[in-house]
Amino acid sequence: MKWKRTHNCGILTGKDVGQNVILMGWVSTRRDHGGIIFIDLRDRWGITQINIRPESRAYEEAKKLRNEWVVAFQGVVEPRPAGMVNKNLATGEIEVLASDMQVLNSAITAPFNITGENVASEDIRLKYRYLDLRRSEMQKNLILRHKVAQLVRAFFSEHDFLEIETPFLMKSTPEGARDFLVPSRTSRGKFFALPQSPQTYKQLLMISGFDRYFQIVRCFRDEDLRADRQPEFTQIDVEMSFVTEEDIFVIMEGLMACILKEILDIEIKRPIPRISFDDAMRLYGTDRPDVRYGLEIADITEIVKNSEFKVFSEAAKSGKRVAGICAPGCANYSRKQQDDLAAWARQRGAGGLAAVKVGAGLLEGSLAKFFENGQSQAIIEACAAREGDMLFFCAEERDLSRQILAELRGEMAKRLKLIDHQKMSLTWVVDFPLFEWSPDRNRYVALHHPFTSPVPDDEDKMLSDPGHVRARAYDLVLNGLEIAGGSIRISKQSLQQKMFDALGISKAEAEQKFGFLLEALQYGTPPHGGIAFGFDRLIMILAGCTSIRDVIAFPKTASATSLMDGAPSPVDVEQLVELGLRIKK
RNA sequence: GGGGUCGUGGUGCAGUUGGUUAGCACAUCGGCCUGUCAAGCCGAAGGUCGCGGGUUCAAGUCCCGUCGGCCCCGCCA
């Protein structure tokens, strides 16, 4: 490389006209007119049009240029002729009239188009991820990711937080997700685990006195993948001492306000609304409600218990819930549309889906005759329905009812185009249960994690009535996606021990697995709590993507492999021998 | 572990109820062209339809299996 670059490809504008410049980048497109040749030269800052005329010293060489070759151009910034300005380009007012050129590297033909429409399928993109990342969309996403990371660091730093790194090689702990294990060479037969989150470390940092900690940190969970779940992902991890929920909410609301303002220029209203877990489940059927639209669930079990409509009354009497949503203005739904929706619900495990039209103050249609006027009116009132609406009900066990209606809400919102995609709706979900019954393990498990503090009033129920103990836990939900979750932690050793008891973890096991924490808690632990954001998910939403793979530079496939480098892969026998491992056939 | 869906030249797609030489766009190569910006025009090369088996006179098209991508359930404190 004989030359030194003077400018990047996204910066030159009309005010630079006349300057002699040297640009370097990739050939994005070439337009060879036989005489004049145009090259769109691309780097991560943008695209600049290079104009190569037959009289230029670069001309003969430029005829050989192909897409994705790496080249340097020397030339003068010139204004484009009248009417030739490209408004789609930041540099569209100018072009560089090339006087000389150097090919820095040629390129073989790319396996897919890097510029233009015609986006390759995802497996090809993943195999050639380094080329996929040249596409402007991917560049935009990773630049956005960087910007948010910097905002987060600046925000926390300004609020007196310290970024402290914690180990990736740690002790495997029970509970929670499956660990990724790393065999130890020096302690043969023993294993490290990669952190599912730095949970215990950040609590220990609080004990150490590092009040106000944060970290943008990789976490690892060996569980099956989803569009919003990767085996390694990034959290914004936060912990504070001498705080209550309110202190944490205030800081996190400040962070979200800052990010949404800086990135999307959206002002959010603070405080962010809160909803209890119970209310969320009752009104939305899920603990992460999308509140960009209404369509709240109405429970009419008690109203229809004594109705003539056997499907409802018998279900109600047998303990099932009869509940539904009101679809505004859908009274004109055809028989076929109703049947399709019922089939859709049956596919999800429902027995069926009853559709009832709302007329002037009374229900209408084939089911209406089963309800007395009083019942009819009560149903309309419970659903806050108006004439011209359509009510959809199912009669199922509580959990299935919630699950189906939660999905139905989403489906109807989509069909009725009730979702404002510009909108960012944040909600705190609070008052989670501390425990959840696990039929698999035949015991209660921690809904959040075993270090979550119970609500003080409920402490005495931890062993006698675990199902009704509330947790000092909270989630932050953005447009129906959980983007953060946290809690006030247990800071007393005795309460932590009680927690393990309630979880059916023996003294011996607790000592073996969490002994270090139980011991540490006795050395003067401040009350503390925190939260962790799913950084990838947050970026995904801000970028308007539907998969976190699109905001991660080198993601894994749904089966947790890397198509680019072929990981995971077999290793040499020698490596296994060193570790004292043998592969079972 | 289960369910769904996709798999056709380098890439993205089309291929009717199974039936003559598998189409189109972009990319590639060659030619023409001095103002384009997804340049244009002319021409060429390139696929046996993920893989294996089966049904049939005949399969890209039907069936079974298998591999891979994606989505969902389980799982994810």
Side-chain angles (χ1 to χ4, degrees), chain A residues 28-42 47-56 59 66-68 78 80-89 91-92 95 97 108-128 131-132 173-179 195-197 199-200 219-231 233 347-349 403 407 432-436 438-441 444-452 471 473 482 485-487 499-500 503 505 514 532 534 546-547 549 555-561 563:
Chain A
S28 192
T29 55
R30 66 191 166 93
R31 294 177 290 279
D32 183 344
H33 288 243
I36 191 168
I37 299 172
F38 294 107
I39 297 289
D40 282 348
L41 195 67
R42 184 194 70 230
I47 283 176
T48 299
Q49 176 166 287
I50 310 292
N51 179 345
I52 306 144
R53 296 185 168 276
E55 57 272 24
S56 166
Y59 188 73
R66 292 296 179 268
N67 285 346
E68 302 309 318
E78 298 223 317
R80 295 197 188 184
M84 298 296 168
V85 168
N86 186 343
K87 290 189 188 72
N88 300 319
L89 240 48
T91 60
E95 63 190 7
L97 185 64
I108 58 174
T109 303
F112 53 84
N113 300 343
I114 286 157
T115 305
E117 324 291 284
N118 209 340
V119 176
S121 61
E122 201 171 353
D123 48 341
I124 304 278
R125 288 172 50 207
L126 288 173
K127 180 170 180 190
Y128 299 96
L131 297 180
D132 186 40
T173 54
E175 299 288 302
R178 190 179 294 115
D179 281 328
Q196 299 170 24
S197 84
Q199 183 61 38
T200 49
C219 302
F220 306 85
R221 294 179 189 176
D222 190 6
E223 297 293 347
D224 287 343
L225 291 78
R226 288 287 188 283
D228 61 354
R229 267 163 42 189
Q230 284 272 306
F233 61 99
Q347 215 177 344
R348 282 156 180 77
Q403 185 192 320
E407 283 193 62
F432 278 83
L434 187 63
F435 302 106
E436 172 183 49
S438 167
D440 283 356
R441 278 165 280 195
Y444 280 96
V445 295
L447 185 70
H448 189 58
H449 59 51
F451 316 110
T452 298
E482 182 200 326
S487 63
M499 183 72 180
F500 289 140
L503 291 170
I505 298 174
F514 294 112
T546 53
S547 163
R549 290 186 301 275
K556 306 283 187 289
T557 66
S559 47
T561 64
L563 295 178

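Numbered from 1 within each chain, the chains take letters A, B, ... in sequence-line order.
Between A/R66 and B/C29 there is a side-chain polar atom (N or O) within less than 4.0 angstrom of OP1 or OP2. For B/U36, neither phosphate oxygen OP1 nor OP2 lies less than 4.0 angstrom from any side-chain nitrogen or oxygen of A/R30. The shortest distance between the side-chain N/O atoms of A/S121 and the OP1/OP2 oxygens of B/U11 is not below 4.0 Å. Contact annotation: A/T109 side-chain N/O to B/G10 OP1/OP2 distance is not under 4.0 Å. Between A/N67 and B/U28 there is a side-chain polar atom (N or O) within less than 4.0 angstrom of OP1 or OP2. Close to B/G69, at under 4.0 Å from its OP1 or OP2, lies a side-chain N or O of A/T561. Proximity of A/R31 to the phosphate of B/A39: a side-chain N or O atom is located under 4.0 Å from OP1 or OP2. For B/A38, neither phosphate oxygen OP1 nor OP2 lies less than 4.0 angstrom from any side-chain nitrogen or oxygen of A/T115.
A donor-acceptor contact under 3.5 Å is not formed by the side chain of A/R221 with the base of B/C76. One can find a donor-acceptor pair under 3.5 Å joining the base of B/C37 and the side-chain atoms of A/N86. Not a single donor-acceptor contact under 3.5 angstrom links the side-chain atoms of A/N113 to the base of B/G12. At a cut-off of 3.5 angstrom, counting only N and O atoms as typed in the model, there is no donor on one side facing an acceptor on the other between the side-chain of A/R549 and the base of B/G69.
The same atom, C1', is picked in B/G4 and in B/G18; the two are 26 Å apart, to the nearest Å. Comparing B/G54 with B/G15, their P atoms are spaced 29 Å from each other, to the whole Å. If you take atom C1' in B/A59 and the same atom in B/A22, they sit 13 Å apart, rounded to whole Å. B/G52 and B/C75: their C1' atoms are spaced 33 Å apart (whole Å). Taking atom C1' in both B/C57 and B/A45, one finds a spacing of 35 Å when rounded to whole Å. Look at the P atom in both B/A58 and B/C13: the space between them is 33 Å, to the nearest Å. When the C1' atom is used for both B/G23 and B/G9, the distance is 12 Å, rounded to whole Å. Atom C1' of B/U55 sits at a distance of 7 Å from the matching atom of B/C63, rounded to the whole Å.
Checking B/G74, B/U36, B/G69 against every side-chain atom of A/H33, the shortest atom distance belongs to B/U36. When distances are taken from the side chain of A/M84 to each of B/C72, B/A39, B/C37, the shortest belongs to B/C37. Listed candidates were B/G74, B/U34, B/C37. Nearest to the side chain of A/P54 is B/U34.
Contacts of A/I37 with the nucleic acid, taken as non-hydrogen atoms under 4.0 Å apart, are absent. A/I124 comes within contact range of the sugar-phosphate backbone alone, with a heavy-atom separation under 4.0 Å but no base atom that close. Among the atoms of the strands shown, none is found under 4.0 Å from any heavy atom of A/E436. Within the nucleic acid shown, A/P81 comes within 4.0 Å of at least one base atom, counting heavy atoms only. Across all strands shown, A/T173 has no heavy atoms under 4.0 Å from either base or sugar-phosphate atoms. Here A/D224 lies in heavy-atom contact (under 4.0 Å) with a base. Among the atoms of the strands shown, only primed sugar atoms or phosphate atoms (P, OP1, OP2) are found under 4.0 Å from some heavy atom of A/E122. Residue A/R441 is classed as a sugar-phosphate contact, given heavy-atom separations below 4.0 Å to backbone atoms only.
The side chain to side chain contact (heavy atoms under 4.5 Å, CB included) test with A/N86 is passed by exactly one of A/Q49, A/E95, A/R80: A/R80. Partner of A/I52 under the side chain to side chain contact (heavy atoms under 4.5 Å, CB included) criterion, chosen from A/I36, A/D32, A/I39: A/I39.
Although no hydrogens or angles enter the test, the distance criterion places a donor-acceptor pair under 3.5 Å between the side chain of A/Q196 and the main chain of A/A177.
Rounded to an integer number of Å, the gap from CD1 of A/I114 to P of B/G12 is 14 Å. The OH atom of A/Y128 sits 9 Å away from the C1' atom of B/G10 (whole-angstrom rounding). B/G30 atom P lies 11 Å from atom CG of A/D32, rounded to whole Å. Between A/I36 atom CD1 and B/U34 atom P the separation is 10 Å, expressed in whole Å. Atom CZ in A/R348 sits roughly 12 Å away from atom C1' in B/C71 (whole-Å rounding). The interatomic distance linking A/L225 (CG) with B/C71 (P) rounds to 9 Å, in whole Å. Atom CD1 of A/I50 is separated from atom P of B/U34 by 21 Å (rounded to the nearest Å). Taking atom CG of A/D440 as the reference point, atom C1' of B/C73 lies 14 Å away to the nearest angstrom.
Minimum heavy-atom separation, A/Q199 to A/F451: CG-CD1, 3.6 Å.
A/F38 qualifies as a stacking partner of the B/U36 base, centre to centre under 5.5 Å and near-parallel within 30°.
In a base pair of the Watson-Crick type (N1 to N3 plus N6-O4 or O6-N4) or a G-U wobble (N1-O2 and O6-N3), with each distance short of 3.5 Å, B/C62 is matched with B/G54. For B/G7, the paired base is B/C67 (Watson-Crick or G-U wobble, both distances below 3.5 Å). Pairing for B/U17 is absent, judged as Watson-Crick or G-U wobble with the two contacts each under 3.5 Å.
In A/K127, the NZ atom is not crowded: 12 or fewer heavy atoms of neighbouring residues, nucleotides or ligands sit closer than 6.0 Å.
Between A/F514 and A/F500, the angle of the ring planes stays under 30°, which puts this pair in the parallel group of the 30/60° scheme.
Ionic pairing of A/D40 and A/R31 is present here: one or more N-O contacts between side-chain nitrogen and carboxylate oxygen are shorter than 4.0 angstrom.
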Kindly determine whether A/R348 and A/E407 satisfy salt bridge (charged side-chain N to carboxylate O under 4.0 Å, His left out), including the steps that lead there. CA-CA 9 Å; A/R348 282 156 180 77; A/E407 283 193 62; 2.7 Å; yes

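Nearest-nucleotide positions on RNA chain B for A/A110 and A/L126 put A/A110 closer to the 5' end. For A/D40 and A/A227, each mapped to the nucleotide of RNA chain B holding its nearest heavy atom, the one lying further toward the 5' end belongs to A/D40.
Using modelled atom types and a 3.5 Å distance limit, the side chains of A/S121 and A/D123 yield a donor-acceptor pair.
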